[in-house]
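These notes concern the structure reproduced below.
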Amino acid sequence: MENKNVHILTQTPSLANHFVAELRDVHVHGDSLRFRRNLERLGELLAYEISKTLPYREVTVTTPLAETKTLLLAEQPVLATILRAGLPLYNGMLNYFDKAYSTFVGAYRVEEEHTALQINMEYLASTDLHDKILILADPMLATGRSLVKSYKGMLRHGKPLQVHFAAAIAAPEGLAYVQEQVPEAHIWLGALDDHLNEKAYIVPGLGDAGDLAFGPKV
Ligand SMILES: O=P(O)(O)OC[C@H]1O[C@H](OP(=O)(O)OP(=O)(O)O)[C@H](O)[C@@H]1O
Ligand SMILES: O=c1cc[nH]c(=O)[nH]1
Ligand SMILES: [Mg+2]
């Protein structure tokens, strides 16, 4: 997909391909610690890629031997995520943007037979977003409904100057919906997959990210 606002890590050879491969692999899925850690490692890589596009300022650092100039972030981004599957990806980003403030949304898909997919949003705890650089991380961008509803809910806490959406895996349908609803967003993906199935799961995808990380919901 040719779009300068969409960045897909696995389109070039790098360790991101290892992390995404393990996230998908049914033979690794029994190990929830490894699943969470792979999401976290991907979050670290996505944070690093995003960091290359952020504004910097020059500062002087004093070593034991001399003073030297270096670049530091002009400002910290705000990191946001959607509970619960978003936590490990968010945690990876927080490992790198280690002084960032955070915003949390509790949203989940109501997956019922014969009814249209609905997103329940029941919790929102946000820092001030006015004029901030916002990075919203959620591992699965399937229909895009969770991401867009969460982002629009966050806007009551201020309009960010810049918005980045980060996901491990996206479906083309969800990507198109997000681009239509939030055209200003910069989108960062581990991988862009083929399609959604009849239950709005990403194919080939990885299954249910929340269940694989934290166990099945009842
Ligand atoms: O693009 P969408 O079609 O909205 O689907 C994506 C959402 O699905 C997953 O969460 P889920 O609803 O399974 O909740 P969970 O984190 O509790 O597992 C995922 O973490 C996204 O938030
Ligand atoms: O494929 C999908 C779609 C939504 N949520 C997931 O965890 N996986
Ligand atoms: Mg889930």
Side-chain angles (χ1 to χ4, degrees), residues 6 8 10 19-26 28-30 32 34-40 42-43 46 79-94 102-126 134-154 163-182 185 187-218:
V6 180
I8 304 168
T10 52
F19 303 156
V20 173
E22 285 201 356
L23 285 169
R24 293 185 191 280
D25 191 340
V26 291
V28 184
H29 280 177
S32 59
R34 193 161 187 88
F35 186 82
R36 291 192 301 273
R37 184 63 190 118
N38 279 324
L39 278 180
E40 192 178 3
L42 199 58
L46 288 163
L79 299 185
T81 197
I82 306 174
L83 306 173
R84 69 190 162 144
L87 281 174
L89 193 71
Y90 155 83
N91 214 41
M93 294 208 158
L94 191 60
S102 295
T103 289
F104 297 97
V105 181
Y108 56 94
R109 309 192 329 166
V110 183
E111 296 168 1
E112 281 166 359
E113 296 278 335
H114 312 304
T115 56
L117 188 79
Q118 227 189 281
I119 310 299
N120 276 5
M121 205 177 103
E122 294 174 355
Y123 176 80
L124 172 61
S126 187
L134 174 68
I135 304 176
L136 172 53
D138 189 22
M140 307 305 280
L141 199 177
T143 65
R145 265 51 180 190
S146 301
L147 203 61
V148 168
K149 187 163 183 169
S150 299
Y151 174 66
K152 291 194 171 168
M154 285 176 204
V163 56
H164 300 263
F165 293 146
I169 300 179
E173 297 91 326
L175 177 60
Y177 179 71
V178 167
Q179 288 178 308
E180 175 207 306
Q181 294 289 317
V182 193
I187 298 172
W188 303 83
L189 305 174
L192 180 61
D193 276 8
D194 292 345
H195 64 277
L196 292 176
N197 70 12
E198 64 290 349
K199 291 186 170 164
Y201 272 74
I202 302 172
V203 181
L206 53 73
D208 190 309
D211 288 2
L212 288 163
F214 299 115
K217 274 197 270 206
V218 290

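As the structure lists them, so they are numbered: ligands from 1, and atoms in each ligand from 1. Side chains included, hydrogens not; waters and symmetry mates left out as well; all remaining heavy atoms used.
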Problem - Protein N, O or S within less than 2.8 Å of the Mg ion (ligand 3), waters excluded - result: D208 OD1
Nearest atoms (heavy-atom pairs only) where [X] meets [Y]:
X: I187; Y: V178; result: CD1-CG1, 3.9 Å
X: L141; Y: L175; result: CD2-N, 3.7 Å
X: G86; Y: P139; result: CA-CD, 3.5 Å
X: A200; Y: L117; result: CB-CD2, 4.5 Å

Completion exercise
Using heavy atoms and a strict 4.0 Å limit, residues surrounding ligand 1 turn out to be L83, R84, A85, Y108, R109, L117, I119, D138, M140, L141, A142, T143, G144, R145, S146, D208, G210, K217
What does the contact table look like for ligand 2 (nitrogen or oxygen on each side, cut-off under 3.5 Å)?
from     : atom 1 : to   : atom 2 : distance (Å)
ligand 2 : 1 (O)  : I202 : N      : 2.8
ligand 2 : 7 (O)  : A209 : N      : 2.8
ligand 2 : 8 (N)  : G207 : O      : 2.8

Problem - Face-on cation placement of R145 at Y177 ring, 6.0 Å and 45° thresholds - result: yes
Looking at [Y], is its backbone amide N or carbonyl O close enough to the side chain of [X] to form a donor-acceptor pair, meaning the two atoms are under 3.5 Å apart?
X: T81; Y: A137; answer: yes
X: H195; Y: P204; answer: no
X: E22; Y: N38; answer: no

Problem - Partner set under salt bridge (charged side-chain N to carboxylate O under 4.0 Å, His left out) for R24, not counting sequence neighbours - result: D193
Practice task
State, yes or no, whether a side-chain contact exists between Q181 and Y151 at a heavy-atom distance under 4.5 Å.
Solution key: no
Handout entry: Side chains of Y108 and E122 in contact at under 4.5 Å (non-hydrogen atoms)
Key = yes
Practice task
Working to the nearest 0.5 Å, report the span between CG of L87 and CZ of F104.
Solution key: 7.0 Å
Problem - Heavy atoms from other residues, nucleotides or ligands near NZ of K199 exceed 12 (cutoff 6.0 Å) - result: no
